[in-house]
Amino acid sequence: MDMAVLREIIEKFDSSKKWVILCHENPDGDTMGCGLALYSLGKRLDKDVRVMGRDPIPERYWFLPYYRDFECCTEILEEDIRNALLICVDTSTAARSMPGLKEVLSIADSINIDHHGDNHLYCKLNLVDPEASASAELITELLIEGGWGIEEREAICLYTGLSTDNGNFRFGTTTARSHLCAAKLLEAGVKPAVIDEYVNENMTPSILKLWGLAFTRTEMFSNGRGALFWLKKEDFEEAGADSSAVDGVVNMLLRITGVKVALFMTGVNGENKVSIRTKAPFVARDIASVFAGGGHIQAAGAKIEGNFQEALESVKAEAEKYIENRTAALK
Ligand SMILES: [Mn+2]
């Protein structure tokens with residue numbers, strides 16, 4: 001953590017009267033938790049504050065304090081950011097944020113708070129710490145360092161971000177720092193079981209069956225070191241669910257003994273998306289980057305143009321190639 005940048009951010013937070021907080025596309029628990037926690041801080045510091053993103057908040061996060069104030073907008077305009085401090089949370093590139101952001105970045109004062117190692121450092125101030133297991137970890141430290149403390153509603157948001165990005169504290173990214181951060185949030189009033197119930201125990205029978213459908217399509221490759229499954233548009237339609245209903249399902253493939261690389265392809269809204277998860281020393285981001293995607297070392301994703309079946313075949317082929325080359329390099 002760059003303490004000099006952290007202190008500059010604290011000064012900017014204090015001196016700016018107007019904040020515009022931006023969450024990333026297809027929002028997850030971390031970007032929502034960070035966005036709404038900062039929104040709450042802005043409210044209690046009496047700022048003129050807004051929190052925005054291009055996609056709606058998935059239903060499972062509708063328990064988060066202030067979620068109704070989240071503005072789902074197709075574009076960010078010059079008038080939105082005039083005299084404002086722009087704060088991007090958990091977003092590695094301007095392209096993953098709001099459409100129009102690239103155009104307004106040059107005229108706005110901007111802050112980027114993130115933990116993706118492949119962050120493009122597109123803001124004026126960039127607090128990017130890949131050692132942090134969640135951006136929520138950075139926001140927690142920021143609230144403490146700024147002397148603002150953590151109110152219960154902020155702790156609920158931040159714990160949601162922290163626990164979802166850490167897979168309930170069982171991923172390789174989880175550190176002593178993640179647990180120290182969790183301890184601070186529990187001290188501020190968070191009840192982990194309550195949050196877990198909202199986030200993970202809210203399935204409908206049809207969503208459970210959708211997970212099951214993906215499981216039945218499990219296909220192994222690369223001599224058992226790779227595994228994949230997929231869900232098409234029709235599968236989501238039949239289940240009456242959107243892609244947020246299958247967040248985290250890709251991790252189930254890593255539960256198969258011997259699997260190092262897991263792929264999950266979905267076709268929704270005319271877009272093929274692949275989620276990639278790996279076990280060290282295999283790097284998910286290296287496969288995602290072939291398709292102009294990105295993310296974390298062990299969790300990454302990409303969008304792939306064209307026909308679903310062809311996209312699936314090309315991702316699988318790249319993964320096979322990657323596993324072979326990486327295995328050879330390790331010998
Ligand atoms: Mn994150």
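One-based numbering along the sequence shown. This structure is a prediction, so every number in the text was calculated from the model and none was measured. The figures here come from the full heavy-atom set of this structure, side chains too, leaving out hydrogens, waters and symmetry mates. Counting convention: from 1, in listed order, for ligands and their atoms alike.
Taking 4.0 Å as the cut-off between side-chain N and carboxylate O, Lys316 and Glu219 count as a salt-bridged pair. Taking a cutoff of 4.0 Å between a charged side-chain nitrogen and a carboxylate oxygen, Lys233 and Glu237 qualify as a salt bridge.
Rounding to the nearest 0.5 angstrom, the gap separating the CG atom in Leu162 from the OG1 atom in Thr174 is 8.0 Å.
Of all the N, O or S atoms in Asp165, the one closest to the Mn ion (ligand 1) is OD2. The closest approach of Asp30 to the Mn ion (ligand 1), by N/O/S atoms, is made by OD2. Taking the N/O/S atoms of Asp90 in turn, the shortest distance to the Mn ion (ligand 1) belongs to OD1.
Side-chain contact check for His116 and Asp114: at least one donor-acceptor pair (N or O, by modelled atom type) lies under 3.5 Å.
The Mn ion (ligand 1) has an N, O or S atom of His115 inside 2.8 Å of it.
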